[in-house]
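Ligands are counted one by one from 1 in listed order, and the atoms in each one are counted from 1 as well. Worth knowing before you read on, the calculation uses all heavy atoms, side chains too, and leaves out hydrogens, waters and symmetry mates.
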Amino acid sequence: MRTYLVTGGAGFIGSNYIHYMFRKYGDDIRIINLDVLTYAGNPENLKDLEGNDNYIFVKADITDKEAVSKIFEEYDIDRVVHFAAESHVDRSIKDPEAFIKTNVYGTGVMLSCAKAAWELPEGPDPLGNYKPDKKFLHVSTDEVYGSLPEGEGYFYETTPYSPHSPYSASKAGSDMLVKAYMDTYHFPANITNCSNNYGPYQFPEKLIPLIINNALHGKKLPVYGDGKNVRDWLYVEDHAKAIDMVQEKGKLFETYNVGGHNEKQNIEIIKIILNTLNEMLPDGDERKAHINEGLITYVEDRKGHDRRYAIAPDKIKKEIGWEPETRFEEGIKLTIKWYFEHEDWMSNVVNGDYMKYYENMYGKKEKA
Ligand code: NAD
Ligand code: TYD
């Protein structure tokens, strides 16, 4: 049985990935989920796995080398899938240090512990020899490439890094460490750089769940700047599939860009959500009375706001055969349906701490 060490598996993408992997491989795999449970980590995301003997949760911090080493000593790990990170750009603008610690130093700890556990003392390769079939996948973002002009160009794997926010700079730093391990020690790894994800279990500090939740409650929909910044949206299950395919079919030491071929301005996303909510709510639902464009509120722009992200996923398609499968029109319906069916999840998440964050973030931002 293959054993996976997933970091950050209680977060948005990690929990979707764990569900995807158990759906795909069933009892043929065992997953150890290493997560410290920050505000973004939610054990509820995986509560349906309680009682599954092939799922093990370890509450620990990736910056705690002793705790991470202990996991590698206790279990014969075959695959590491490294999601754990501070992931929200706005928070990184307010508190960059947490991002540097977890994203850069924490990735350094993961690499060092995996290398120590997998390294063989001798072998033919002067740079490094490893136990067979061990692989580390570092999950990263397209934001490391910086910002594209409107309507022109794409991010390729060869695009030079040019991060602007403390979040993307810390992710770029973590990518560079993985590259350094591959180049210096022939450490068996891959990197994926993915575009913006959306889907079930996403924390409502990010655009799509925030807009769904606010619209349902008749709250204002905050649009940064002119609302014309472009993101390339990918349904989260397609990302989970890409990660698995890269690890099993990709060439070691390679980077793969993962993207949705789905560029949209933020204001377009908000209007699609409003229309879809109205379409999906049953006739006579009282919330329909307030779900309209009157809720849209332009607020002060994000500092250093990247204008456009757009991935060219040509390499992953050509070498591995991965393509986005879920069209946005379908993915947004699946996402809204999930939030309708999990109102408790949302109300548990939107607790006192979230309200404090929300007040601090949006309280003073509204434009006159
Ligand atoms: P998330 O914020 O929802 O989840 C992060 C998880 O990591 C949480 O469960 C949190 O508790 C855990 N974590 C944070 N610090 C930790 C630490 N020090 N030790 C152990 N666990 C820790 O993030 P997400 O949106 O699921 O993103 C997952 C990964 O994918 C990140 O590396 C992110 O950079 C990358 N990524 C995200 C997107 C996106 O659109 N969300 C797109 C591309 C890449
Ligand atoms: P976000 O979901 O934070 O992802 P990222 O910054 O990693 O791309 O934001 C997506 C886009 O939506 C980004 O251009 C910022 C914008 N945005 C708003 O206009 N209003 C909001 O309240 C939020 C959270 C984001």
Enquirer: Counting only heavy atoms from other residues, nucleotides and ligands, does the tally under 6.0 Å from NZ of K179 exceed 12?
Expert: yes
Enquirer: So which protein heavy atom does atom 10 (C) of ligand 2 come closest to, and at what separation?
Expert: L207 CB, 3.9 Å
Enquirer: Which is closest to atom 30 (O) of ligand 1 by heavy-atom distance: V258, V139, I208?
Expert: V139
Enquirer: Under a 4.0 angstrom heavy-atom cut-off, which atoms of ligand 2 come close to V223?
Expert: 19 (O)
Enquirer: For ligand 1, is there an atom lying under 4.0 Å from some heavy atom of T7?
Expert: no
Enquirer: Hey, which atoms in ligand 1 end up nearer than 4.0 Å to a heavy atom of A40?
Expert: 2 (O), 8 (C)
Enquirer: Among L295, V223, I208, find the residue that satisfies the side-chain contact (heavy atoms from CB on, under 4.5 Å) test when tested with I270.
Expert: V223
Enquirer: Determine, stepwise, if the pair F203 / Y354 fulfils ring pair (Phe, Tyr, Trp, His ring centres under 6.0 Å).
Expert: CA-CA 10 Å; F203 194 83; Y354 176 81; 5.8 Å; yes
Enquirer: Mind checking whether L34 has an N or O less than 3.5 Å away from an N or O of ligand 1?
Expert: no
Enquirer: H88 and Y39: side-chain donor and acceptor closer than 3.5 Å?
Expert: no
Enquirer: Tell me: protein heavy atom nearest atom 6 (O) of ligand 2, and distance?
Expert: R302 NH1, 2.5 Å
Enquirer: For Y145 and Y161, take the angle between the two ring planes, folded into 0 to 90°, and tell me which bin it lands in: parallel under 30, tilted 30 to 60, perpendicular over 60.
Expert: perpendicular
Enquirer: Run down the list Y224, Y309, Y362 and name the one with the heavy atom closest to atom 25 (C) of ligand 2.
Expert: Y224
Enquirer: For ligand 2, which atoms sit closer than 4.0 Å to a heavy atom of E143?
Expert: 5 (P), 7 (O), 8 (O)
Enquirer: Considering non-hydrogen atoms of the protein only, which is the closest contact for atom 8 (O) of ligand 2, and what is the distance?
Expert: R231 NE, 2.7 Å
Enquirer: Heavy-atom distances under 4.0 Å decide this one: backbone, side chain, both or neither, for V89 against ligand 2?
Expert: side chain
Enquirer: Would you mind telling me if ligand 2 is within reach of the side chain of E205, the backbone, both or neither, using heavy atoms under 4.0 Å?
Expert: backbone
Enquirer: Could you tell me, atom by atom, which parts of ligand 2 come under 4.0 Å of a heavy atom of P222?
Expert: 18 (C), 19 (O), 20 (N), 21 (C), 22 (O)
Enquirer: As an exercise, identify every atom of ligand 1 less than 4.0 angstrom from a heavy atom of L37.
Expert: 11 (O)
Enquirer: If the cut-off is 4.0 Å to any non-hydrogen atom of G8, which atoms of ligand 1 fall inside it?
Expert: 6 (C), 7 (O), 9 (O), 12 (C)
Enquirer: Quiz question: by atom type and distance under 3.5 Å, do the side chains of D238 and W322 form a donor-acceptor pair?
Expert: no
Enquirer: State whether K134 and D76 are salt-bridged, where the test is any N-O pair (Lys NZ or Arg NE/NH1/NH2 against Asp/Glu carboxylate O) under 4.0 Å.
Expert: yes
Enquirer: Which ligand 1 atoms does N196 reach within 4.0 Å, using its non-hydrogen atoms?
Expert: 40 (O)
Enquirer: Under a 4.0 Å threshold between the charged nitrogen and the carboxylate oxygen, would D28 count as salt-bridged to R2?
Expert: no
Enquirer: Write down the atom of S174, the atom of T107, and the distance for their closest heavy-atom approach.
Expert: CB-OG1, 3.5 Å
Enquirer: Counting non-hydrogen protein atoms only, what is the nearest one to atom 20 (C) of ligand 1? Give residue, atom name and distance.
Expert: V36 N, 3.3 Å
Enquirer: Considering only heavy atoms of K206, which atoms of ligand 2 have at least one such atom less than 4.0 Å away?
Expert: 2 (O)
Enquirer: For atom 19 (N) of ligand 1, what's the nearest protein heavy atom and its distance?
Expert: I62 N, 3.0 Å
Enquirer: Polar contacts were defined as any N/O atom of the residue lying under 3.5 Å from an N/O atom of the ligand; does this apply to G11 and ligand 1?
Expert: yes
Enquirer: Starting from the C-alpha separation in whole Å, work towards a yes-or-no answer on ring pair (Phe, Tyr, Trp, His ring centres under 6.0 Å) for Y235 and F328.
Expert: CA-CA 7 Å; Y235 191 61; F328 189 74; 9.5 Å; no
Enquirer: Quick check on the 6.0 Å ring-centre criterion: do H186 and Y130 meet it?
Expert: no
Enquirer: Which residue supplies the protein heavy atom nearest to atom 5 (C) of ligand 1, what is that atom called, and how far is it?
Expert: A85 O, 3.5 Å
Enquirer: Test of understanding: given a 4.0 Å heavy-atom threshold, classify the contact between N196 and ligand 2 as side chain, backbone, both, or neither.
Expert: side chain
Enquirer: Less than 3.5 Å between some nitrogen or oxygen of T102 and one of ligand 1, yes or no?
Expert: yes
Enquirer: Does ligand 1 have a heavy atom under 4.0 Å from the side chain of K171, from its backbone, from both, or from neither?
Expert: side chain
Enquirer: How close does the nearest protein non-hydrogen atom get to atom 11 (O) of ligand 1, and which residue and atom is it?
Expert: D35 OD1, 2.6 Å
Enquirer: Any idea which protein heavy atom is nearest atom 14 (O) of ligand 2, and the distance to it?
Expert: H305 NE2, 2.7 Å
Enquirer: Heavy-atom contact under 4.0 Å between Y167 and ligand 1?
Expert: yes
Enquirer: Quick test: of every protein heavy atom, which one is nearest to atom 16 (C) of ligand 2, and how far off is it to 0.1 Å?
Expert: N266 ND2, 3.3 Å
Enquirer: Is it the case that more than 12 heavy atoms not belonging to E97 sit under 6.0 Å from its CD atom?
Expert: no
Enquirer: Centroid-to-centroid, F253 to F187, below 6.0 Å?
Expert: no
Enquirer: Is it true that A60 lies under 4.0 Å from ligand 1, counting heavy atoms only?
Expert: yes
Enquirer: Which atoms of ligand 2 are found less than 4.0 Å from any heavy atom of H88?
Expert: 3 (O)
Enquirer: Between R287 and E343, is there a salt bridge with N-O shorter than 4.0 Å?
Expert: yes
Enquirer: With heavy atoms of T38 as the reference, note each atom of ligand 1 found under 4.0 Å away.
Expert: 10 (C), 11 (O), 14 (C), 15 (N)
Enquirer: Looking at atom 43 (C) of ligand 1, what's its closest protein heavy atom, distance included?
Expert: C194 O, 3.3 Å
Enquirer: Can you tell me if F83 contacts ligand 1 (heavy atom of the residue under 4.0 Å from the ligand)?
Expert: yes
Enquirer: Taking distance alone, with no angle check, do N197 and ligand 1 share an N/O pair under 3.5 Å?
Expert: yes
Enquirer: Can you spot which of R307, K228, R308 makes a salt bridge (Lys or Arg N to Asp or Glu O under 4.0 Å) with E150?
Expert: R307
Enquirer: Show which atoms of ligand 1 fall inside a sub-4.0 Å distance from at least one heavy-atom site of S195.
Expert: 42 (C), 43 (C)
Enquirer: Would you say E248 has more than 12 foreign heavy atoms packed within less than 6.0 Å of its CD?
Expert: yes
Enquirer: Return the residue, atom name and 0.1 Å-rounded distance of the protein heavy atom closest to atom 2 (O) of ligand 1.
Expert: S87 OG, 2.7 Å
Enquirer: Take Y154 and D232 through the side-chain hydrogen bond (donor to acceptor under 3.5 Å, both in side chains) test and state the conclusion after the steps.
Expert: CA-CA 11 Å; Y154 291 95; D232 173 3; over 6 Å; no
Enquirer: Report yes or no: is the cationic atom of R91 (NZ for Lys, CZ for Arg) under 6.0 Å from the centre of the six-membered ring of Y357, at an angle within 45° of the ring normal?
Expert: yes
Enquirer: At what distance is the nearest protein heavy atom to atom 44 (C) of ligand 1, and which residue and atom is it?
Expert: S140 O, 3.1 Å
Enquirer: Are side-chain N/O atoms of K333 and T276 paired as donor and acceptor at under 3.5 Å?
Expert: no
Enquirer: Could you check whether E323 pairs with K317 (Lys NZ or Arg NE/NH1/NH2 to Asp/Glu carboxylate O, under 4.0 Å)?
Expert: yes
Enquirer: If you have a sec, work out which protein heavy atom is nearest atom 38 (C) of ligand 1 and how many Å separate them, to one decimal?
Expert: I13 CD1, 3.5 Å
